[in-house]
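Comments concern the structure below.
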2 protein chains.
Amino acid sequence: MSFDPAPRRRYEDACGAAHGLELLGDRWTMLVLRELMLGPRRFSSLRSDLPGISARVLTQRLAELEERGVVRRVTLPPPASVQAYEATEWGLEAEPILQELGRWAARSPSHDPSLPVSAVSIILSFRTMIVPERAAGLDRRFGIEMGDQQFVGRLEGGALSFAQGADDEAEFVIRGAPENFAAVVYGGAPRELVEIEGDVAAAGEFLSLFTLPPKVGA
Amino acid sequence: MSFDPAPRRRYEDACGAAHGLELLGDRWTMLVLRELMLGPRRFSSLRSDLPGISARVLTQRLAELEERGVVRRVTLPPPASVQAYEATEWGLEAEPILQELGRWAARSPSHDPSLPVSAVSIILSFRTMIVPERAAGLDRRFGIEMGDQQFVGRLEGGALSFAQGADDEAEFVIRGAPENFAAVVYGGAPRELVEIEGDVAAAGEFLSLFTLPPKVGA
DNA sequence: CCGTATCCAATAAGATACTG
DNA sequence: CAGTATCTTATTGGATACGG
């Protein structure tokens, strides 16, 4: 076992949550991991979806996450053949942390949903905020496209899953900026803010599967 | 006096998780909240269960949490009539965040369970690590005592709950240092490390309800 | 005992420029 | 594009002193 050269600040606390904070608790770390939850990403793609992060800090965070076994560097398959970062299996298992954090904070009076939001954030929010009773029994394949980021979604017996990429068998595809998805799904904005291709009724049904928790005091 | 002269660093990100990190993501903040999960605590009690925190930082964190509506200052009922801090209802709802963080980090190869641990951490770990199938159908009232901190526990139809205090109707009481509870429950150490009063069989059964998730790679 | 206030040194983060 | 290097600023933690 190698001695950590720069003895990272620890909590000296056996509590699992304390160790979790040692692994993921530095500024930006969980948000970097969030962006990796749906598949490998390149450095500049991460940077552009994490507004305000500096190249230096992103480099550091990726290196730390790699050292801790949460993230690994990969070479994307040909023809791309470029370097990227992806979450390890264990890294992907951190999704419930982000979900609980998001679910809890969505009740905050100080939460401002009008801020910019990344494509991955929106997709992950669907997994968090889905109302199981509304999704029960539905079986769908569809596409979500935001800018140049494409995702395939599947709804199978109430379970909702996503991955990067496209699906030829999609029943519908919804396109729009992440902010517009947020406005339509959570803000009650008209559906015209997003573009729907294919089965419009099924797409509309999909866009109605989600709900935010009530604000504190409401 | 002025605790917020500089505008707090935000993420400028509508993602709920990002806002959660703005609320709870500073160093020590979640651990302070953890210590409040089972009832009000005094400043010095918090400080002694958060080894390494400075009075200054604890003061700051409590003030920030209060400002954000997560914690409030209270005066304990007579005859104590002293000041303390307690989590608000919404603050208590953050428990699943700590649970997921702890559950995830317990799988880390770098997790060191031999470090010191607070009484509250142990109690919360019981709620996280309980194996529902083992607890199903059990109905118990009991006490847990670590140093001068007393807790009452209830197991009702698989649900495990705790609060500060004592219970005259307890079927058993288990006493010991938090580290010894950890060793017995999670480390397979002999039960003699903790002291059992009352129904020894029921206490032994209770101590066997919990299990840690497997380490990564195991 | 329960904090608050101040000062100081060590880190971490942010901004910006730059290189292979 | 994918980072480094460098400089500046902010935050942290430690020590200590102080008031209720």
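Residue numbers begin at 1 in each chain, while the letters A, B, ... track the order of the sequences.
For C:dC2, the OP1/OP2 oxygens have no side-chain nitrogen or oxygen of B:Gln83 closer than 4.0 Å. A close approach under 4.0 Å does occur between a side-chain nitrogen or oxygen of B:Tyr85 and OP1 or OP2 of C:dG3.
One can place CG of B:Leu76 at 14 Å from C1' of C:dC2, the figure rounded to the nearest angstrom. If you measure from atom CZ of A:Arg41 to atom P of D:dC1, you get 14 Å, rounded to the nearest angstrom. Between the P atom of D:dG13 and the CG atom of B:Leu50 lies a distance of 11 Å, rounded to the nearest Å. Regarding A:Leu62, its CG atom lies at a distance of 8 Å from the P atom of D:dG3, rounded to whole Å. Put simply, CZ on B:Phe43 is 7 Å from P on C:dT4, counting in whole angstrom units. Taking atom CD on B:Glu22 and atom P on D:dT11, their separation rounds to 14 Å, with Å as the unit. Summarising the geometry, the separation between CG on A:Leu21 and P on D:dT12 is reported as 14 Å, rounded to the nearest angstrom.
Rounded to 10 degrees, the angle between the two end axes of the helix from C:dC1-D:dG20 to C:dG20-D:dC1 is 40°, with five pairs used at each end.
Scanning for side chain to side chain donor-acceptor pair (under 3.5 Å) contacts around B:Arg72 gives B:Glu86, with sequence neighbours left out. Annotation: ring pair (Phe, Tyr, Trp, His ring centres under 6.0 Å) contacts of A:Phe126 (sequence neighbours excluded): A:Phe206, A:Phe210.
Applying the ring-ring contact (aromatic ring centres under 6.0 Å, His included) test to residues at least two apart or on different chains, the pairs with a partner in residues 51-95 of chain A are A:Trp90-B:Trp104. For residues 27-70 of chain A, the pairs satisfying ring-ring contact (aromatic ring centres under 6.0 Å, His included) are A:Trp28-B:Tyr11, with sequence neighbours left out.
For the residue pair B:Gln149 and B:Asp49, a side-chain donor N or O sits within less than 3.5 Å of a side-chain acceptor on the partner. For B:Gln99 and B:Arg127, the side-chain atoms include no donor-acceptor pair closer than 3.5 Å. A:Thr29 and A:Glu64 are not linked by any side-chain donor-acceptor pair at a separation below 3.5 angstrom, with hydrogens and angles left out of the test.
B:Arg191 places none of its side-chain heavy atoms less than 4.5 Å from the side chain of B:Ile174.
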Annotated protein contacts, base or backbone, on nucleotides 13-20 of chain C with a non-hydrogen cut-off under 4.0 Å, one of B, S, - each = BBB-----

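A salt bridge between A:Glu171 and A:Arg141 is absent, with no side-chain N of the basic residue lying under 4.0 Å from a carboxylate O of the acidic one.
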